[in-house]
Amino acid sequence: MGWQDAEGGTPLPPLYSTTEDFPKRDKILPQFDSNFEEKLFAERQEKLARIAALATGPDATPAQLQAARYPNSFPFTINVPDLRAAGDPKTGEELEASPIPAAITGRVMAHRSQGKAGFAVLQQNGTRLQIYVRKDDVGSSPEQAQALFDLYKLLDLGDIVGVRGTLMRTRTGELTLHARAIDIQPGQPALVLLTKSMLALPDKYSGLEDIETRYRRRYVDLIMNSGAQAKPAPSADVSSRPESEQSADAVERPASPPTPDTQQPTPDTELNVRATFVKRAAVLRAIRTFFDARGYLEVETPMLHPVAGGATARPFTTHHNALDMPLYLRIAPELYLKRLVVGGLDRVYEINRNFRNEGVSPRHNPEFTMLEFYQAYANYHDLMDLTQELITDVSKEVNGTTIAKFPLPQGPRAGEWVEIDLANWQKLSMREAIIKFWPASAGTPPTLESITTQLDHCLHNASKSMEAYLENFSEGDQYDEAQLVADDPEALQSLREVFELRRRTRELQRSLKQIFDKHLRDGSNKAYSDIFELFAEEHLIQPTIIYDFPLAVSPLSKVKPDEPEWTERFEFYIGGFEVGNAFSELNDPVDQEGRFNDQLAQKAAGDDEAMGEMDSDYVRALGYGLPPTAGEGIGIDRLTMILTGSRSIRDVILFPLMRPEKKDAEKSELEKESDASHGESAE
RNA sequence: GGACGCGUAGCUCAGCUGGUAGAGCAUUCGACUCUUAAUCGACUGGUCGUAGGUUCGAUCCCUACCGCGUCCA
């Protein structure tokens, strides 16, 4: 873009000094919901007009002025992280002796003016760099310098600018781009406004902390929580100022360049939303590399399903207008992927979204990303090996280590940070896991033999034992908590622990009883997986493969040759929750049809967790012959949670589902409308 | 779905078992040519989530609802 010298020396007239000066106008953008924002918007429109006039000079036509408000490019020579990498190892003397010129862009995150000079901090690609603007050397003529310094003074936090200059170090050692004309882009101004920010960024120091706003306005979250904010880490010593100390050191001993996009989050580092999503992309890339290298073909199967199959979950329903047919958003790609193996694509994988019309929790989002892969001529033992290899590999690729620091999301230790070694796996059969984590309150754990052949008996004993255990507890009710506070805080603490233990035991006992009663009614082996979830799941923090699932909960898995009530299926658990699910695929079409029918019968009998519809084309596909095949699904969001140390699935999904935030006015209008329609329909 | 917690200025937060609101940052104006949570001076900014109730009087107490969070199912 061209630059014309503006008239020098003319002081800028003030903006609005009082609210009365503030021009009355119709609301331009109704989504600005406060007077503050409306006023700010108007002020910044005014500043933008002035900046455009400074850029074009006094003789510009209205069309030129309009175009100057939003320039359409800036020929930057380097990204800020790369420029830092180039400048951080250099001392001030070195930078003076052999200047490094650069043209960069960035968002203004700090703006400090002091008369006829000023510093601003730009942020780009998650990295910050200070710029220095002096009135006497920012332009190549006094007139241009005046105009550019006027422009500098009209900048606001949040503005996106282009800056040309050479690297220097300040007195305190901070690497800084000194804005001035540079030889590599002759005749171009040292400072250009590229986009004006019309809204106020959050507090420059505290940033954006409100969790709800962070999810709803992820764009602001990404600006403010990019790992470059001014505030020290929460657990760091507040009295020290680590950044300024580092800067002071840098004169003699320059610090290595910060790498905010690759650092491993731990309880000791600050929130870095940007790094989380950069890492999520790295997870996907590593998975693709892993499967591509092993001869798997990446495929895409339908998301719109006439029959929602492949999992037990409630689907979202929709409708195709032209064909006038009901459709479901897929709950799993499984049945399509196995059709492809029938078709001779022996190794396939798909990474894409599934949709389940169920609750929202720190581990569930209605749409989530699933990896599914299928391998012909393999069984679940092969996939156990492959899984360990995959997870270890991805972790190394993404984090450079197999150690993950992770805040436990649930259970008695919820919130506690644990260290997980993703290269160190254990395997337990489901029944072994139940025995291993059999709670003390449930009495002597059963043997493998007894739990396999006498489940009724085991559940009966456990239930009785827990009832007795709870009765012995009841004396705890007699303590007076207030008295204990005064007497002995430690005793109170241990009393609280006792209460907590009793509460948990009571819940455990209640759940156990429900499982037992249900089992007595239907005699189903589903009780095994229910008990497993109740007793064992929360303890599975280190990577654990749980294998051999009851037939009753595995309608798509092959049964074990020696135990027809059990299937060749495993799930793996990390951090106390399920991350993946795999099995030797059932490929007998007759058996498969029978199992679908069983599921339909269970559904009809009121079991919400049964599959509700027969996919007869899938059965037909099996009729052509599915080779012996093993398949697996891995929750990418959950895996990413572990690899990024995120405590909620919402922290690894850019735009998690939120309830709409209705404005009061809208709400009352909606109410009126619905009242009116009720009135009409009543007539 | 249940229990508990939170909702006060654009952001981060105070607000005393009731007397219609404060701070810092940001904004606006002024000073300052190496600052860095810049500093100094002056100002501006609020339907205290929403709707009812109790009260002479409600940000505060009560009820319902909305949104978010945590735990549980």
Side-chain angles (χ1 to χ4, degrees), chain A residues 11-22 32-44 46-47 92 109-121 128-138 145 149 152 156-158 168-176 178 197-217 220 224 229-232 238 241 243-244 246-248 359-362 409-412 414-415 500 503-504 506-508 510-511 514 533-534 538 647-648 650 656 658-668 671:
Chain A
L12 290 163
L15 277 171
Y16 319 109
S17 49
T18 66
T19 14
E20 286 72 49
D21 294 347
F22 172 59
F32 298 164
D33 48 19
S34 68
N35 293 336
F36 172 86
E37 287 192 341
E38 246 189 293
K39 178 163 172 273
L40 191 72
F41 186 89
E43 283 165 0
R44 294 203 174 173
E46 175 64 27
K47 284 188 181 176
M109 300 305 289
H111 188 250
R112 299 182 280 270
S113 268
Q114 31 202 335
K116 297 179 180 60
F119 291 92
V121 175
R128 293 188 174 188
L129 180 67
Q130 181 170 263
I131 64 162
Y132 180 47
V133 179
R134 284 170 66 104
K135 188 176 179 180
D136 59 12
D137 63 9
V138 67
F149 197 70
Y152 172 79
D156 288 298
L157 295 181
M168 58 171 263
R169 281 196 185 275
T170 63
R171 195 181 299 160
T172 52
E174 173 144 359
L175 191 68
T176 300
H178 186 166
S197 174
M198 295 294 174
L199 291 169
L201 287 181
D203 185 283
K204 67 185 173 194
Y205 184 64
S206 305
L208 182 64
E209 296 187 344
D210 184 80
I211 292 171
E212 183 177 346
T213 312
R214 285 187 39 228
Y215 296 151
R216 287 190 193 278
R217 299 189 179 155
V220 180
M224 300 308 295
Q229 55 267 49
K231 196 177 180 178
V238 182
R241 293 276 171 76
E243 290 197 2
S244 50
Q246 269 177 17
S247 306
V360 173
S361 86
Q410 58 190 339
E500 175 63 14
R503 190 187 64 77
R504 293 186 54 79
R506 197 175 279 149
E507 273 168 13
L508 209 56
R510 206 174 294 146
S511 305
Q514 279 174 11
E533 283 176 25
L534 186 65
E538 70 182 21
R647 63 181 71 229
S648 168
R650 293 181 152 198
M658 303 289 279
R659 280 204 175 85
E661 193 184 29
K662 286 203 184 88
K663 297 276 187 309
D664 308 319
E666 290 171 20
K667 220 188 303 177
S668 59
E671 278 163 17

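A, B, ... follow the sequence lines: proteins, then strands. Residue 1 opens every chain.
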Tell me which nucleotide among [options] gets nearest to the side chain of [X].
| X | options | answer |
| --- | --- | --- |
| D156(A) | A38(B), C68(B), U27(B) | U27(B) |
| Q114(A) | U33(B), C68(B), C13(B) | U33(B) |
| A200(A) | A26(B), C71(B), C68(B) | A26(B) |
| R650(A) | U35(B), C68(B), A38(B) | C68(B) |
| R216(A) | C68(B), C34(B), U33(B) | C68(B) |
| S511(A) | G10(B), A73(B), U35(B) | A73(B) |
| K116(A) | C32(B), U27(B), G69(B) | C32(B) |
| K204(A) | G67(B), A26(B), U27(B) | A26(B) |
| E43(A) | U35(B), A37(B), U28(B) | U28(B) |
| I211(A) | U70(B), A26(B), G69(B) | G69(B) |

Partner nucleotide, any strand, of [N] [Watson-Crick/G-U, under 3.5 Å]:
| N | result |
| --- | --- |
| U54(B) | none |
| C71(B) | G2(B) |
| A42(B) | U28(B) |
| U17(B) | none |
| A23(B) | U12(B) |
| C60(B) | none |

When the [atom1] atoms of [M] and [N] are compared, how many Å lie between them, rounded to an integer?
| N | M | atom1 | result |
| --- | --- | --- | --- |
| U28(B) | A38(B) | P | 16 Å |
| A21(B) | C13(B) | C1' | 14 Å |
| A58(B) | U20(B) | P | 11 Å |
| U50(B) | G7(B) | P | 13 Å |
| A26(B) | U55(B) | P | 47 Å |
| G22(B) | G15(B) | P | 15 Å |
| C71(B) | C56(B) | C1' | 43 Å |
| A64(B) | G10(B) | P | 30 Å |

Distance check needed: [N] [atom2] versus [X] [atom1], whole Å only.
| X | N | atom1 | atom2 | answer |
| --- | --- | --- | --- | --- |
| E209(A) | C68(B) | CD | C1' | 16 Å |
| F149(A) | U33(B) | CZ | C1' | 8 Å |
| R510(A) | A73(B) | CZ | P | 10 Å |
| K39(A) | C29(B) | NZ | P | 9 Å |
| N35(A) | U28(B) | CG | P | 17 Å |
| M658(A) | G7(B) | CE | C1' | 13 Å |
| R217(A) | C68(B) | CZ | C1' | 14 Å |
| L208(A) | C25(B) | CG | C1' | 14 Å |

Would you say the base of G45(B) stacks on F36(A) (centre-to-centre below 5.5 Å, plane angle below 30°)?
no

Look at [X] and [N] and indicate whether a side-chain polar atom (N or O) is within less than 4.0 Å of OP1 or OP2.
| X | N | result |
| --- | --- | --- |
| S206(A) | C11(B) | no |
| K47(A) | U28(B) | yes |
| R659(A) | G67(B) | yes |
| R112(A) | U39(B) | no |
| K135(A) | U33(B) | no |

Can you give me the closest heavy-atom contact between [X] and [Y], atom names plus distance?
| X | Y | answer |
| --- | --- | --- |
| V360(A) | R650(A) | CG1-NH2, 3.6 Å |
| L199(A) | L40(A) | C-CD2, 3.8 Å |
| T170(A) | F119(A) | CG2-CE2, 3.9 Å |
| L534(A) | S511(A) | CD1-CB, 3.5 Å |
| F36(A) | A200(A) | CE2-CB, 4.2 Å |

Using modelled atom types only, decide if a donor and an acceptor are shared between the side chain of H111(A) and the backbone of G118(A) within a distance under 3.5 Å.
no

Would you say R214(A)'s side chain and L208(A)'s backbone share a donor-acceptor pair under 3.5 angstrom?
no

Please work out if [X] contacts a base, only the sugar-phosphate, or nothing of the nucleic acid, heavy-atom cut-off 4.0 Å.
| X | answer |
| --- | --- |
| T213(A) | nothing |
| Y215(A) | sugar-phosphate |
| D210(A) | sugar-phosphate |

Determine whether any donor atom in the side chain of D203(A) lies under 3.5 Å from an acceptor atom in the base of G24(B), or the reverse, and answer yes or no.
yes

Between L157(A) and M168(A), just flag the one whose closest nucleotide in RNA chain B comes earlier from the 5' side.
L157(A)

Which residue lies more 5' along RNA chain B, comparing A110(A) with R647(A) via nearest heavy atoms
A110(A)

How are the rings of H178(A) and Y132(A) set relative to one another: parallel (under 30°), tilted (30 to 60°) or perpendicular (over 60°)?
tilted

Pair K47(A), E43(A) - check salt bridge (Lys or Arg N to Asp or Glu O under 4.0 Å), show working.
CA-CA 6 Å; K47(A) 284 188 181 176; E43(A) 283 165 0; over 6 Å; no

